[in-house]
There are 2 protein chains.
Amino acid sequence: MEKEKLNTGKTITIYDIAEEAGVSASTVSRVLNGSASVRKEKKDRILDLINKYNFKPNALAKGLSDTATKTIGIITADVRNPYYSALFVACEMAAEKAGYRVNLTNTLNQIEREADSLDLFTQQKVDAIIQMGGRVDDLITDDSYAGKVRSIMSTTPVIVTGKLDKAPVLSVVIDEAEGMNLVMEHLISYGHEKIAMVGGNMSVASTFYKYQRYQENLKSRGIPERGEYVVNSSYDPESGYEAMNKIFELPEIPTAVIAINDFAASGIIRSIREHGLSIPEDISIVSFDNTYIADLTLPKLTSVDYNYKHFGEMLINTAIAAAKGEQCEAVQKVEPKLVLRESSGPVKR
Amino acid sequence: MEKEKLNTGKTITIYDIAEEAGVSASTVSRVLNGSASVRKEKKDRILDLINKYNFKPNALAKGLSDTATKTIGIITADVRNPYYSALFVACEMAAEKAGYRVNLTNTLNQIEREADSLDLFTQQKVDAIIQMGGRVDDLITDDSYAGKVRSIMSTTPVIVTGKLDKAPVLSVVIDEAEGMNLVMEHLISYGHEKIAMVGGNMSVASTFYKYQRYQENLKSRGIPERGEYVVNSSYDPESGYEAMNKIFELPEIPTAVIAINDFAASGIIRSIREHGLSIPEDISIVSFDNTYIADLTLPKLTSVDYNYKHFGEMLINTAIAAAKGEQCEAVQKVEPKLVLRESSGPVKR
DNA sequence: GGACTGTCTGAAACCGATTTCAATTCAATG
DNA sequence: CATTGAATTGAAATCGGTTTCAGACAGTCC
C-alpha cells in the first residue's frame with residue numbers, strides 16, 4: 001500500500017537510535033523498558049538521543065511482540081448520554097492511573113454495532129472489553145450474542161455492567177434494588193403513599209429490578225399498588241413528558257413521582273409545570289443516575305448516585321485483573337446513594 | 001513478557017488458515033483484501049475457514065505493515081460536555097462511513113494531557129489527529145505547544161476546531177461572528193436593545209470573537225454598549241447563575257440575555273426564576289451550541305446550532321484527505337443556524 | 001594465574017500481517 | 001503442438017519492536 005505523503009517526515013525507529021548511539025536495538029529496548037541493566041555511559045547516550053528526537057516507540061510493533069497492548073475496549077450505548085459519559089470518563093481516569101488506555105465505541109442502540117464492536121476490539125487485541133449498556137441491559141439475551149461473547153472470552157475477558165445469560169462474563173452491577181429502597185424509604189418517610197413510577201421499559205433489566213422493588217416496598221408497608229401509577233415509555237425528556245401527561249389524566253394525581261432517570265425527569269418536570277403544579281410542594285420527584293442534569297433542572301433533582309469514580313475504578317480494576325488471568329469475583333455490586341436536592345419534600349396534599 | 005492466561009484460547013492467525021487450506025499466507029491475504037485474484041476453488045475453501053473460525057486479522061500486524069492504520073485520533077476537552085459528545089459521535093459516524101475508526105482522549109482541561117494525547121496518538125500511528133477544544137481555543141497559543149504540533153505535523157496531519165498560531169494546522173471553525181449576527185438580528189428584530197452577554201471567558205477565542213461581533217452589531221445600529229451588561233465567568237450552570245445574579249444588582253435590568261452556551265444558560269434561567277421574572281416575557285434568552293440541554297430546560301432554549309452531523313463530516317473528511325496527502329483548504333467554516341424555541345420573544349418592557 | 005561469577009551486549013528469532021518478485025500453470029492462438 | 005500473455009501462487013523481505021541465548025568482559029577469590 002503505497003502512499004505519497006506530502007508531509008514526509010521520516011519516522012524514527014529504535015534502530016535509528018541504536019545506530020546513532022553505536023549500540024544494538026536490543027540495548028535501546030532495554031533502556032526503554034528498564035528490562036535489564038545497561039552500562040551507564042551508553043544508557044545516558046541513548047537517553048539523550050531519545051530525548052533529542054522525542055522518540056516514541058511504535059505502539060503497534062510493541063503490541064505485536066508483547067502479549068499485552070495495555071488497552072481496554074469500552075462499548076457504550078451512546079456517550080452523549082450523561083450517564084455513560086460520566087462512567088466512561090471515570091474509566092478513562094482509572095485506566096490511566098493503572099498505565100492502561102481505553103478505546104471507545106458507541107453502538108447507538110443498533111444491535112449489529114454491538115457485535116461489530118466486539119470484533120473490532122478483538123482485532124485491536126485489547127486486553128479486556130468492558131460493555132456498558134445494550135444487550136447486557138436486556139432481561140433476556142439472545143443466544144447468538146451470548147455465543148459470540150463466549151467465543152471471544154476464550155481469548156479476552158469481558159466485563160459487563162449488567163448481566164449476560166449463558167456467557168461467563170464478569171459483572172459489575174448497580175444494586176438497583178437497594179437504589180429503589182432508598183428512594184422509597186425517602187418518599188415514604190416524607191409521608192408519600194401515592195407514588196408513581198414513570199419512564200423506562202420493563203424489558204430492560206435495570207428498570208425491571210427497580211419495579212420489582214417498588215412493588216415490594218409498597219406491599220411490605222401495606223400500601224396498595226395502583227397499576228395506573230406505573231407508566232412505561234423510554235428514557236428521554238420527551239418520553240418522560242408524555243408519560244407524565246398520561247398520569248395527569250387519572251382521577252387522582254400522585255403526590256410523588258419516581259423518574260427512571262434524570263433525563264426523563266426533565267420532561268416530567270415540564271409536564272408538571274404545564275399543569276400548573278409546583279415541585280416539590282404539589283408533587284415530589286426523585287430520579288436515578290445523578291448526572292449533571294440533576295443540577296441544572298429547576299428545581300434541582302433529588303437523584304440516586306452511583307459514585308461514578310468508584311464505579312469506573314471497579315470496572316477497570318477487574319478488567320485489568322482478568323486480563324492478567326487473575327481470578328475475579330463473578331458479580332460485584334455498586335452501592336447507590338441518594339443525593340437530596342430540591343425536587344423532593346414532605347407530602348402536603 | 002510472559003503471561004499465564006486462564007483463558008488460553010489459541011489466537012488463530014492467517015498462517016493457521018493458510019495451513020488448513022493448504023495454501024500460503026500470501027494467498028489468504030489476497031483473499032482477505034481482494035488485492036489479487038485467487039482461483040475460485042481455493043478462495044472458497046479459504047473463505048469457509050475464515051468463517052468457520054470467525055477469523056479477524058490482527059489490526060496491529062496489519063497497521064505495522066500497511067502505511068495506514070485507518071484510525072483517526074480525536075482530542076477533546078471533556079466528552080461529558082454535550083457539545084463535545086455531539087461532535088465526537090458525529091465524527092465517529094462520519095469516520096465509520098469512510099471505513100475509518102476513531103480514538104478518543106479527554107484532556108479534562110489539564111494542559112499536560114493535551115501534549116500527552118498528541119504523543120499517544122503518535123505512538124498509535126493514527127493517520128490524522130483532530131483536536132477539539134483546549135489549546136486551540138486559546139486566543140494566544142504558547143510557543144512550546146505550537147512547536148510540538150509542528151513537529152508532529154511532519155508525519156501526521158493535525159486538524160483543529162479553532163486555530164493555532166505558528167503551526168500549519170488545518171482548521172474547521174465555527175463562524176462565530178455569523179452566529180452572533182444571527183442572535184443579534186433575532187433579538188433586535190424583537191425590539192431588544194438592552195442586551196446582556198453572560199458567561200464565557202475572553203481569553204477563549206470563540207468567546208472573544210462573539211464579543212467583538214456583539215459590539216459591532218450594537219454600534220452599527222447605534223445602540224450604545226453598556227460595559228456592565230457583559231459579565232464574564234465560565235461555561236457551566238453555576239457560572240451562569242452567578243454571573244446573572246450580578247446583572248440583577250444593576251439599576252437597569254436587560255430585556256435579553258445572550259448566554260455563552262446552553263449549559264450556562266441553564267444557570268441563567270435559574271437566576272431569573274429566583275428573581276421572580278419570567279422567560280421570555282420579562283427577559284429573553286438566546287444561547288449557543290444547541291445541545292440537548294436546550295431541549296430540556298424550561299423554557300426550551302432558542303440556541304445557535306452548528307449542524308453537528310455536517311461539522312463532524314467536515315472534520316473527518318479533511319482529516320482523511322490530509323492523511324492521504326491531498327491538498328486541503330487551510331480554513332473551513334461551519335455555518336451556524338439559529339433554532340427558535342421558547343426562551344426568546346418580543347420585548348415587553 | 002586460573003577458575004568462577006556476574007554484568008553487559010548483540011545476533012537472531014519472533015509477533016502477524018502485506019507485498020514484491022519470480023516461478024508456475026493455464027487457456028488461447030496460429 | 002509450440003508459443004505466448006494472463007492468471008495464480010509461494011518464498012522471502014519488511015514493518016518496528018521484544019526477548020532468548022550465548023558470548024565477551026571485568027572483577028573476585030584461592
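So that the names make sense, note that chain A is the first sequence line, chain B the second, and so on, each numbered from 1. Just so it is clear, the structure is predicted and the values come from calculations on it, not from any experiment.
Evaluation of the side-chain contact (heavy atoms from CB on, under 4.5 Å) rule for B/Asp137 yields B/Tyr84, B/Val204 as partners, not counting sequence neighbours. A/Arg30 pairs by the salt bridge (Lys or Arg N to Asp or Glu O under 4.0 Å) definition with nothing, not counting sequence neighbours. For A/Val173, the side-chain contact (heavy atoms from CB on, under 4.5 Å) criterion is met by A/Ser171, A/Val331, A/Lys333, not counting sequence neighbours. B/Lys43 meets the salt bridge (Lys or Arg N to Asp or Glu O under 4.0 Å) test with no other residue; sequence neighbours excluded. For A/Arg101, there are no salt bridge (Lys or Arg N to Asp or Glu O under 4.0 Å) partners at least two apart in sequence or on another chain. Residues forming a side-chain contact (heavy atoms from CB on, under 4.5 Å) with B/Ser24 (at least two apart in sequence, or on another chain): B/Ser26, B/Thr27. Taking A/Glu20 as the reference, A/Lys52 meet the salt bridge (Lys or Arg N to Asp or Glu O under 4.0 Å) condition, with sequence neighbours excluded. Scanning for side-chain contact (heavy atoms from CB on, under 4.5 Å) contacts around A/Met93 gives A/Val89, B/Leu108, with sequence neighbours left out.
Taken over five-pair windows at either terminus, the axes of the helix from C/dG1-D/dC30 to C/dG30-D/dC1 are inclined to one another by 50° (rounded to 10 degrees).
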Pairwise N/O distances under 3.5 Å, protein to nucleotides 11-15 of chain D:
unit_1	atom_1	unit_2	atom_2	d
D/dA11	N6	B/Ser26	OG	3.0

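Within residues 31-55 of chain B, the residues approaching DNA chain C are B/Asn33, B/Phe55, by heavy-atom distance under 4.0 Å.
Screening residues 85-96 of chain B for salt bridge (Lys or Arg N to Asp or Glu O under 4.0 Å) gives A/Arg113-B/Glu96 as the qualifying pairs, with residues at least two apart or on separate chains.
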